[in-house]
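In what follows, a single structure is set out as structure tokens and then discussed.
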Amino acid sequence: MNAVNFKNAIITSIVFVILASFMMGVQLVPDGTGLAITFADPVRIEALAIALAVLFVFQLFRSPITSSWQTFRNALPLPEQGLTEALQAQGEKHPRLKQLTIAFVLAGLIIWPFYASRGSVDLATLALIYVMLGLGLNIVVGLAGLLDLGYVGFYAVGAYSYALLNQYLGLDFWSCLLISGLIAAFFGFILGFPVLRLRGDYLAIVTLGFGEIIRILLLNWTSITGGPNGISQIPKPTLFGLEFSRRAKEEGNIPFHEFFGIDYSSGYKVIFLYLLALVLVIVTLWVINRLLRMPIGRAWEALREDDIACQSLGMNKTAIKLSAFTIGAAFAGFAGTFFAARQGFISPESFTFIESAIILAIVVLGGMGSQMGVVLAAIIMTVLPELAREFNEYRMLMFGLLMVFMMIWRPAGLIPMKRPHIALKDNDEQSSSASRKPAQAA
Amino acid sequence: MSKAHPLHANQPRPLEGVLDMSSQNKKQNLLEVDDLTMRFGGLIAVNKVKLNVEKGQIVSIIGPNGAGKTTVFNCLTGFYKPSDGRIRYRGENITGSKNHEISLKGIVRTFQHVRLFKSMTVLENLLVAQHRHLNTNLLSGLFKTPAYRRSEREALDCAAYWLDKVNLTEMANRDAGNLAYGQQRRLEIARCMVTRPDMLMLDEPAAGLNPQETKELDELICDLRDHHDVSVMLIEHDMKLVMEISDHIYVINQGTPLADGTPEQIKNNPDVIKAYLGEA
């Protein structure tokens, strides 16, 4: 009777019946001023009966089922690995499969906003901004190993660059995207200098200070930045000069809906912003993915691993550190510009230390250096608080708890960074080069 | 072991097996060190050390623990700025240069405690080390220009060659930190060699190796000198290794040069025996 657990099955079934009868078996229907209790329709009761039967059988034969599942799993070619590792392994074996998966995911991401609600598209856009920020900070913290607590400073520089350039010089979003990126990169470069000699905790404190200096500067330089009032009426991005408002704000511009002869809908703007953010994120992913496999990316990692060995091999520590700060800051600048354009209003309130902390949490939670991990963590960090809105004040508590448990269970992050597998010469190439040599000798 | 790598084919190599370097009379000084002194506050760690390394030589520095051997290394490779003295490399004064500048000139070192990039793969360790030989242009890397691809290919070939040389081909995609100790030592030497140095400085390369591994190291070092155009300076406590492979030995005791000469001369030098074994 070991295998068949009759008692357990009976208890489970009883619990199921009690719960199901209350929750699904009866319904409250408004009846005039009061409520009337009605029983569920026969279809539902039928379904419940089937569920009960399945549950009973499953509980009865639970141990044989689980043990046979174990043997089945062990027989599978993918053993104890997690799903992501297995997928990655598959992706390496079949590059076409990987490309296909990427194409499908991309297509899904592009089609999705046309069917989703306005609110969720808006939230997704926000998530994409954090993806960009996370990826940028990942260069500095995850790859180069330089703990930066003031990353939000560069984000602010990017946002304010666009807002101010637009307000004073009338530049549009697209040219500002580039310029703000460059300005933020320049600030990254500037910050890089004083912290060249610093490491670890000291570096963290200085960068923290830097982030605060930027914020306080924006707050107090009222004549230019508007101080705590911020800057409003920042124009939204345009699509080749097509605006997404009901009427064109600028002379000569045509609204998007008039150009295509469709009815105006404010939803277009939201979808456009989402798609724009998606494009920016994909470009960011692509660039950083390339950087990772380039000499500069390897140098960043080497610096994180052992800076003394780095120098002994002739690498210039200064240049490597500065490049990490500069390139990381540039991505924050892009994200900032997009943020300003999306919000239409920015103030120093948006760039407090807590933002830096969230971005850092994204990097750590996702897995230092891991691209996919950071993407996933950014989505979780933005979407989860929205989903948990019902819990009000408790959600931050839950959030904190979640992070504590994450760090205990998966200290390397959600998807730990995986080393790229570089194939040495494969066998046939080796044999061909071997056959070439005697030919040369002869 | 005499197969030459295609990448090194265009570099001038010593005539293999035809001439014994030590019997060559045209001596070329690679590294000359005069009166090297290093003070830490009141402590004189290195006192007027004089060294001379000729091209194609294996030179050893020996001495009791705490004699200041590693400090000499640190001064030569730019990790410390010497308090006094002069270091000339190929006739050029490199005293007080920064460490990465010195290694760019062709002096590359290993460390007493292995310093690998532990969480990177073995292959990546070797690719990182070739940084200065690679196409590091950002744009060409982003768009994978032919020049960039060629440079990466060459780096990979060079890495593959050295992996084969130190018997680590199987381990190419393992994390360097997961290698056995002896393998880590070999990888560290390979990592120095891919930078294509003229002078290799090994700080206790045999520490922690078993006799078999030490023997292999012995062969590797000789091979590097004979076929890869490097001069070697090493600090070592394993006397068997030192006496076997050194062309010249310097003995340092308490920061001060005690003796120098061929292995034979050092073995019979009464001062050296006294320093190592104490007064009789």
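So that the names make sense, note that chain A is the first sequence line, chain B the second, and so on, each numbered from 1.
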Toward chain A, the part of [X] with a non-hydrogen atom under 4.5 Å:
X        : value
B/Leu123 : side chain
B/Arg132 : neither
B/Asp175 : side chain
B/Ala172 : side chain
B/Leu134 : side chain
B/Asn173 : side chain
B/Thr121 : both
B/Glu152 : side chain

Proximal component of A/Ile308, with respect to chain B [non-hydrogen, under 4.5 Å]: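 When you check distances to chain B, atoms from both the backbone and side chain of A/Ile308 fall under 4.5 Å.
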Between [Y] and [X], is there a side-chain heavy-atom distance shorter than 4.5 Å?
X        : Y        : value
A/Met315 : B/His100 : no
A/Arg290 : B/Lys144 : yes
B/Leu138 : A/Met294 : yes
A/Leu313 : B/Arg191 : yes
A/Asp306 : B/Phe111 : no
B/Lys98  : A/Asn316 : no
B/Ser119 : A/Arg304 : yes

Roughly how far apart are A/Ile320 CD1 and B/His131 NE2, rounded to 0.5 Å?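 Result: 5.5 Å between the selected atoms.
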